[in-house]
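One structure is given here, and the rest of the page talks about it.
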Amino acid sequence: MVLALKYRPKKFSEVIGQEATIKTLMSSLAKDRLANAYLFSGLRGSGKTSTARIFAKALQCSERKGSEPCESCENCIMANENRHIDIIEMDAASNRKIEDVKELIEHTRYKPTIGKYKVFIIDEVHMLTREAFNALLKTLEEPPEYVKFILATTDPLKLPSTILSRTQHYRFTKIDSNLIQNHLKYILAKEGVPFEDKAVELLAKSGNGSLRDTITLLEQAVAYSKGNVTLDIVVEMLGVV
């Protein structure tokens, strides 16, 4: 398994660099003050989709006490294995037409099979056509009580104001380089790969605040260096002058 997937967060406590957003989401779960629809926007690789999946899992968790999913109930196990029938994901980059949204809306007519909610995660939602947005609008405004929407986008400015006004908007910020460095060192230690601190520092800076992109660079560095991540190797790999 590639490192970005192997070390993808499964709990709120594992999400890096989005403390304010995570704290608010956890509070809403603990107090059971839930919106109909959420919008997660920000830089790619900043944790939007991972957080959406954790939030969806927490909503379905049958043994949750507080905010964190228990990770052991059947709902959590199915969510972690991406086979929970009541968590529906759609990539709007490749399913952007009105027909795709109408098919999704059709799913909202049926009550959840196993979980407490039907949770719909729409990634890259800004890619939907105008007609698709219009079709989604009424369902976002007055969904059945068992339906929750989580929309994710790198470009919220492309969303119609009518959609924005019907969501709770959470902005995922660029992740601090020091936090990324610490996470890279954690991964390297877990993988048993020797490294130089300066090499990790350069990788963290090269990822431009995207944790996923930086972990991808790290994996390339591990392969390129044949298992010993040094500054010279990273400089050579990145072509840094």
Side-chain angles (χ1 to χ4, degrees), residues 1-23 25-26 38-58 68-69 71 79-82 87 89-95 119 121-127 150-158 169-193 195 197 199-225 227 229 233-234 237-240:
M1 186 184 293
V2 298
L3 294 179
L5 291 179
K6 186 175 180 179
Y7 292 95
R8 190 168 200 161
K10 288 184 169 62
K11 298 187 294 184
F12 288 118
S13 59
E14 295 173 353
V15 178
I16 306 294
Q18 307 297 343
E19 288 79 8
T21 289
I22 296 303
K23 182 178 180 180
L25 290 173
M26 291 181 72
Y38 297 83
L39 174 64
F40 297 168
S41 70
L43 178 77
R44 69 178 189 177
S46 58
K48 301 183 301 298
T49 305
S50 292
T51 302
R53 289 174 176 172
I54 296 166
F55 192 66
K57 179 171 59 175
E68 287 280 23
E71 296 299 305
N80 284 334
E81 294 175 355
N82 295 319
I87 300 176
E89 294 193 36
M90 187 179 89
D91 179 9
S94 52
N95 300 276
V119 185
I121 300 173
I122 308 179
D123 206 2
E124 298 300 337
V125 68
H126 66 274
M127 298 291 287
I150 309 173
L151 316 179
T153 179
T154 53
D155 195 349
L157 295 178
K158 289 185 178 179
H169 190 178
Y170 293 86
R171 294 165 178 81
F172 284 65
T173 58
K174 188 175 179 178
I175 302 173
D176 181 81
S177 177
N178 290 323
L179 293 175
I180 293 178
Q181 285 183 57
N182 290 337
H183 194 59
L184 297 188
K185 290 176 182 178
Y186 165 78
I187 292 173
L188 289 166
K190 292 285 284 186
E191 295 295 312
V193 177
F195 63 91
D197 286 348
V200 173
E201 182 180 343
L202 180 55
L203 285 168
K205 288 180 179 178
S206 300
N208 295 315
S210 168
L211 186 59
R212 185 180 65 235
D213 288 358
T214 311
I215 293 175
T216 299
L217 286 175
L218 175 66
E219 185 146 42
Q220 293 172 6
V222 171
Y224 191 77
S225 67
V229 182
I233 286 291
V234 172
M237 182 192 82
L238 296 175
V240 178

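Residues A92 and M127 approach most closely at O-CB, 3.4 Å, considering heavy atoms. The shortest non-hydrogen separation linking S206 to L238 is OG-CD1, 3.3 Å. In plain terms, the two heavy atoms of I233 and A221 that are nearest each other are CG2-O, 4.5 Å. Taking each heavy atom of N208 and L43 in turn, the nearest pair found is O-CD2, 3.5 Å. The shortest heavy-atom contact between S46 and G42 is OG-C, 4.1 Å. Between R53 and E89, the shortest heavy-atom contact is NE-OE2, 2.9 Å.
To the nearest 0.5 Å, atom CZ of residue F40 and atom CG of residue L151 are 9.5 Å apart. Residue F12 holds its CZ atom at 11.0 Å from OG1 of T21, rounded to the nearest 0.5 Å. Between K48 atom NZ and I121 atom CD1 the span is 13.0 Å, to the nearest 0.5 Å. Considering CZ of R171 and CG of L39, their distance stands at 8.0 Å, rounded to 0.5 Å. Between the OG atom in S41 and the NE2 atom in H126 there is a gap of 11.5 Å [rounded to 0.5 Å]. Going from atom CD of E124 over to atom CG of N95 covers 12.5 Å, rounded to the nearest 0.5 Å.
Between L218 and F195, the closest side-chain pair of non-hydrogen atoms is not below 4.5 Å. Side-chain contact between E14 and I54 is absent, with no heavy atoms from C-beta onward closer than 4.5 Å.
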field: Criterion salt bridge (Lys or Arg N to Asp or Glu O under 4.0 Å) on K185 and D197, from CA distance to verdict
entry: CA-CA 8 Å; K185 290 176 182 178; D197 286 348; 3.7 Å; yes
message: Before you tell me yes or no, could you show the steps for M237 and V229 under side-chain contact (heavy atoms from CB on, under 4.5 Å), namely the whole-Å CA-CA distance, both residues' side-chain angles and the distance that decides it to 0.1 Å?
response: CA-CA 11 Å; M237 182 192 82; V229 182; over 6 Å; no
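Side-chain contact of K10 with N80: a donor-acceptor pair under 3.5 Å is absent, judged by distance alone.
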N/O donor-acceptor pairs under 3.5 Å from side chains in residues 172-184, not counting sequence neighbours:
from	atom 1	to	atom 2	distance (Å)
T173	OG1	Q18	OE1	3.4
D176	OD2	N178	N	2.9
N182	ND2	N178	O	3.3

Name the atoms and distances for all side-chain donor-acceptor pairs under 3.5 Å in residues 209-217, with sequence neighbours left out.
from	atom 1	to	atom 2	distance (Å)
S210	OG	R44	O	2.9
S210	OG	D213	N	3.2
D213	OD2	R44	NE	3.0
D213	OD2	R44	NH2	3.1
T214	OG1	S210	O	2.7
T216	OG1	R212	O	3.0

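With hydrogens and angles disregarded, no donor-acceptor distance shorter than 3.5 Å links the side chain of K57 to the backbone of E68. Not one N or O on the side chain of E219 forms a donor-acceptor pair closer than 3.5 Å with the backbone of A4.
Remark: K11 engages no residue in a side-chain hydrogen bond (donor to acceptor under 3.5 Å, both in side chains) (not counting sequence neighbours).
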